Amino acid sequence: NLLVNAAIGCLNKAITYYNEGNNLLNAGDTANSFAKLKEAKKYFDVIIAAHEYDPEGKLLINGGKDLAKQSLIFNQAQLSIVMNDYSEAKKYLNLLKADKKYKEPTVYSQLAFIYLGDKDTTTALQIIGEGREMFPENKDLQNLELDIYTKQGKMDVLLDKFNVALVSDPENVVYLF
């Protein structure tokens, strides 16, 4: 019960810092915004770590879904992206990708975008491939893959990918073009 209360207190602090940081970001004050968001991330990390000491899952039962570990990790990835800390974002997104219970295609597309930003197209395509294997009908992953092959000019691979895409979405004007 003490752990639950401490985690809820940390969540309240994290949300306060997050809201303050977000308001500053919207006002154009990036430096002060990032300082507040870093504080929010510290508190979110404490809550994530608390899950390791909660084998009975009391944080989830008594704390509600706001304390779900995967949601907090995803939130940390999003905050890292907002603050242009892509190495941190990779860390959190890779944690989610490795979690067999967490099934969200956004993890794969965001990781791929980060690797594309690093000019690592090979890793980006590998991640997209993993995501497409898990989520074959996901349009975002499909479009991202097609875009990469289009930019690379790999017509042989691209035509095969477009044919598969057209099977799943035969009325898509972009694919037809």
Side-chain angles (χ1 to χ4, degrees), residues 1-120 123-124 126-128 130-135 137-144 147:
N1 217 10
L2 191 57
L3 179 63
V4 172
N5 290 338
I8 292 171
C10 283
L11 181 64
N12 291 335
K13 276 296 232 192
I15 290 171
T16 298
Y17 281 121
Y18 173 82
N19 288 336
E20 290 173 359
N22 199 34
N23 289 338
L24 289 166
L25 188 62
N26 289 334
D29 188 351
T30 306
N32 287 322
S33 168
F34 284 9
K36 295 287 184 179
L37 293 176
K38 282 182 184 177
E39 288 300 312
K41 282 179 54 78
K42 287 179 189 175
Y43 282 99
F44 284 127
D45 275 335
V46 168
I47 301 164
I48 291 167
H51 282 272
E52 304 305 318
Y53 302 99
D54 184 35
E56 297 165 8
K58 290 184 179 183
L59 285 175
L60 298 176
I61 296 166
N62 298 328
K65 69 176 186 167
D66 289 338
L67 293 179
K69 184 178 177 182
Q70 291 88 350
S71 295
L72 293 169
I73 293 171
F74 186 77
N75 184 63
Q76 291 291 67
Q78 301 313 299
L79 282 174
S80 298
I81 290 169
V82 166
M83 296 186 316
N84 302 316
D85 188 349
Y86 298 114
S87 63
E88 276 286 297
K90 280 185 208 176
K91 176 182 86 172
Y92 291 115
L93 291 168
N94 278 311
L95 283 172
L96 292 172
K97 190 169 83 92
D99 185 344
K100 300 300 178 203
K101 296 177 193 167
Y102 192 77
K103 304 252 189 269
E104 180 57 50
T106 306
V107 169
Y108 294 89
S109 57
Q110 288 185 343
L111 263 174
F113 276 120
I114 291 170
Y115 281 104
L116 287 171
D118 291 344
K119 307 284 189 236
D120 187 352
T123 303
Q126 175 188 344
I127 290 168
I128 292 167
E130 291 173 27
R132 296 266 297 127
E133 194 172 299
M134 290 184 68
F135 310 100
E137 300 298 319
N138 184 273
K139 299 293 182 224
D140 291 333
L141 289 169
Q142 187 173 34
N143 290 338
L144 184 55
D147 184 55

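Residue numbers count from 1 along this sequence. Everything quoted here is computed from the prediction, not taken from an experiment. Below, each value reflects all heavy atoms present in this structure, side chains not excepted, and no hydrogens, waters or symmetry copies.
In this structure, the side chain of D99 engages the main chain of K101 through a donor-acceptor pair within 3.5 Å. Looking only at distances, a side-chain donor or acceptor of N23 sits under 3.5 Å from a matching main-chain atom of N19. With S109 contributing its side chain and T106 its backbone, the two residues share a donor-acceptor pair below 3.5 Å. Although no hydrogens or angles enter the test, the distance criterion places a donor-acceptor pair under 3.5 Å between the side chain of Q76 and the main chain of K41. A distance-only check finds a donor-acceptor pair linking the side chain of K103 to the backbone of K100 [under 3.5 Å]. Formation of a donor-acceptor pair under 3.5 Å by the S33 side chain with backbone atoms of G21 is found in this model.
Between atom OG1 of residue T123 and atom CD1 of residue I128 there is a gap of 11.0 Å, rounded to the nearest 0.5 Å. Note that the CG atom of N94 and the CG atom of L111 stand 5.0 Å from one another [nearest 0.5 Å]. Atom-to-atom distance recorded for L72:CG and C10:SG is 11.0 Å, nearest 0.5 angstrom. Going from atom CG of L3 over to atom CG of D54 covers 5.5 Å, rounded to the nearest 0.5 Å.
Closest heavy-atom contact between A89 and I81: CB-CG1, 3.7 Å. The minimum heavy-atom distance between N32 and D29, with the atom names listed, is ND2-OD2, 2.8 Å. Considering all non-hydrogen atoms of both residues, A124 and A112 come closest at CB-O, 3.6 Å. In terms of heavy atoms, N138 sits closest to L141 at OD1-N, 2.8 Å. Minimum interatomic distance between E88 and S80 (heavy atoms only, all atoms of both residues): CB-OG, 3.4 Å.
For the pair N75/Y92, no side-chain contact is recorded, criterion being any heavy-atom separation below 4.5 Å from C-beta on. Two residues are said to be in side-chain contact when any heavy atoms from C-beta on lie closer than 4.5 Å; L93 and I114 meet this criterion.
With hydrogens and angles left out, the side-chain atoms of Q110 and Q78 include a donor and acceptor closer than 3.5 Å.
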From CA spacing to verdict: side chain to side chain contact (heavy atoms under 4.5 Å, CB included), Q70, L95: CA-CA 9 Å; Q70 291 88 350; L95 283 172; over 6 Å; no

message: Before you tell me yes or no, could you show the steps for E39 and K42 under side chain to side chain contact (heavy atoms under 4.5 Å, CB included), namely the whole-Å CA-CA distance, both residues' side-chain angles and the distance that decides it to 0.1 Å?
response: CA-CA 5 Å; E39 288 300 312; K42 287 179 189 175; 3.0 Å; yes

- prompt: Should L144 and L116 be marked as a side chain to side chain contact (heavy atoms under 4.5 Å, CB included) after you check the CA-CA gap, both sets of side-chain angles, and the distance that decides it?
  reply: CA-CA 11 Å; L144 184 55; L116 287 171; 4.0 Å; yes

- prompt: Taking it one step at a time, do E104 and L96 satisfy side chain to side chain contact (heavy atoms under 4.5 Å, CB included)?
  reply: CA-CA 9 Å; E104 180 57 50; L96 292 172; over 6 Å; no

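Evaluation of the ring-ring contact (aromatic ring centres under 6.0 Å, His included) test over residues 5-44, restricted to residues two or more places apart or in two chains, returns Y17-Y43.
In this structure, K90 forms a cation-pi arrangement with Y115, its terminal cationic atom sitting closer than 6.0 Å to the ring centre and no more than 45° off the ring axis.
Annotation: K38, atom NZ; neighbour count of heavy atoms from other residues, nucleotides and ligands within 6.0 Å does not exceed 12. More than 12 heavy-atom neighbours from other residues, nucleotides or ligands sit within 6.0 angstrom of NZ on K97.
Using a 4.0 Å cut-off between a side-chain N of Lys or Arg and a carboxylate O of Asp or Glu, E52 and K69 qualify as a salt bridge.
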